[in-house]
**Student:** 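Dumping the structure here so I can ask a few things about it.
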Amino acid sequence: MTSVAFIQWCLDHLNYWTITLLMAIESSFIPFPSEVVVPPAAYKAASGDELNVFLVILFATIGANIGAMINYYLAYFVGRPIVYSFANSRFGHMCLISEEKVKQAEEYFDKHGALSTFIGRLIPAVRQLISIPAGLAKIKLSTFLLYTTLGAGIWNTILAAIGYYLHSVVPEDQLMEKVTEYSHELGYVFIAIGVFIVGYLIYKGRK
């Protein structure tokens, strides 16, 4: 079974284990959007007794933590030169990772500190990679897990709420179109919120 076929099989057979696995993949360096996992699972939870929406959020967050830990430990132990070599490699490009993206995540982390682990989990394009600069900076594991869990939990809760709500609004074949639309809009909102929070903390710190 090819990797694409395996992922499609998991999507066709969503349960708590496949949700955890797919979200671990999503949070690692392998490109895979959480929008195609959590909302359909919540949609499925709203349609019957097979899944519980709160457990969908829980296992999605556990999976996100597993994937984030992979990135964190890889960066923690192999260091910056290897990370950037991977980003410039053919396999890295196949995973949609580039030196520019890693540098962007690292600059974001350096600018906003450990709090960026939380904020970054809510921002598209930064969400999957924010664990790498956290590992490079060797922040405490407990701090990393706290912020990662909070950020991933909030994001998964929002995605689950969208999927659960859409069950009563749109047919299943239109689900992903609506989820993509909403998630893009939410991404801009969280960017604005993140900028506000960081700006406020900087202001308080200077004061």
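Not measured: the values here are computed from a predicted model.
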**Student:** What is the minimum heavy-atom distance between Ala41 and Ile19, and which atoms define it?
**Tutor:**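 Closest heavy-atom pair between Ala41 and Ile19: CB-CD1, 3.6 Å.
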**Student:** Could you check if a side-chain atom of Val56 sits within less than 4.5 angstrom of a side-chain atom of Tyr16, using non-hydrogen atoms only?
**Tutor:**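 Yes, close enough: below the 4.5 Å cut-off.
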**Student:** Do Tyr76 and Leu141 have side chains that get closer than 4.5 Å, going by heavy atoms?
**Tutor:**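 In short, these two side chains do not touch, never coming nearer than 4.5 Å.
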**Student:** Are Ile162 and Phe59 connected, step by step, through hydrophobic side chains (Ile, Leu, Val, Met, Phe, Trp, Tyr) whose heavy atoms are closer than 4.5 Å?
**Tutor:**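 Looking at the clustering, Phe59 is in the same group as Ile162.
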**Student:** For Asn65 and Thr149, which I'm curious about, is there any donor-acceptor pair between the side chains at under 3.5 Å?
**Tutor:**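 Yes, a side-chain donor-acceptor pair sits under 3.5 Å.
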**Student:** Is Ile62 linked to Leu55 within one hydrophobic cluster, defined over Ile, Leu, Val, Met, Phe, Trp and Tyr using a side-chain heavy-atom separation of less than 4.5 Å?
**Tutor:**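 Yes, same cluster.
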**Student:** Would you please classify the geometry between the Phe77 ring and the Tyr73 ring as parallel, tilted or perpendicular, with 30° and 60° separating the classes?
**Tutor:**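 Tyr73 and Phe77: parallel rings.
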**Student:** Of all heavy-atom pairs between Ala134 and Phe144, which one has the smallest distance, and what is that distance?
**Tutor:**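 Looking at all heavy atoms of both residues, the closest pair is CB-CD1, 3.8 Å.
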**Student:** Where does the angle between the aromatic ring planes of Tyr43 and His167 fall among parallel (under 30°), tilted (30 to 60°) and perpendicular (over 60°)?
**Tutor:**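 Aromatic pair Tyr43/His167 classed perpendicular.
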**Student:** Going through the checks in order, is the side chain to side chain contact (heavy atoms under 4.5 Å, CB included) test met by Met69 and Leu145?
**Tutor:** CA-CA 8 Å; Met69 290 285 289; Leu145 279 176; 3.6 Å; yes
**Student:** Are Val38 and Trp155 close enough that some pair of their side-chain heavy atoms sits under 4.5 Å apart?
**Tutor:**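 Side chain of Val38 against side chain of Trp155, heavy atoms only: no contact under 4.5 Å found.
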**Student:** Nearest heavy-atom pair of Gly153 and Thr157: which atoms, and what distance?
**Tutor:**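 Reported closest heavy-atom pair: O-OG1, 2.7 Å.
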**Student:** Can you name the nearest heavy-atom pair linking Ile132 to Ala75, along with the distance?
**Tutor:**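 Where Ile132 meets Ala75 most closely, the heavy atoms are O-CB, 3.2 Å.
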**Student:** Does Val37 belong to the same Ile/Leu/Val/Met/Phe/Trp/Tyr cluster as Leu166, with side-chain heavy atoms less than 4.5 Å apart forming each link?
**Tutor:**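 Cluster IDs for Val37 and Leu166 match.
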**Student:** Do Leu21 and Ile57 share a hydrophobic cluster (ILVMFWY, side-chain heavy atoms under 4.5 Å, transitive)?
**Tutor:**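 No, no single cluster joins them.
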**Student:** Take Leu14 and Leu22, measure what side chain to side chain contact (heavy atoms under 4.5 Å, CB included) needs, and give me the verdict at the end.
**Tutor:** CA-CA 10 Å; Leu14 280 176; Leu22 291 174; 4.3 Å; yes
**Student:** For a side chain to side chain contact (heavy atoms under 4.5 Å, CB included) check, start with the C-alpha distance between Met23 and Asn156, then their side-chain angles and the critical distance, and finish with the verdict.
**Tutor:** CA-CA 10 Å; Met23 289 302 294; Asn156 290 331; 3.4 Å; yes
**Student:** Give a yes or no on whether Val36 and Tyr164 share a hydrophobic cluster (residues Ile, Leu, Val, Met, Phe, Trp, Tyr; joining criterion: side-chain heavy atoms under 4.5 Å apart).
**Tutor:**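 Each belongs to a different hydrophobic cluster.
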**Student:** Do you know the tightest heavy-atom contact between Asn71 and Ser27?
**Tutor:**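 That closest heavy-atom pairing would be ND2-O, 3.3 Å.
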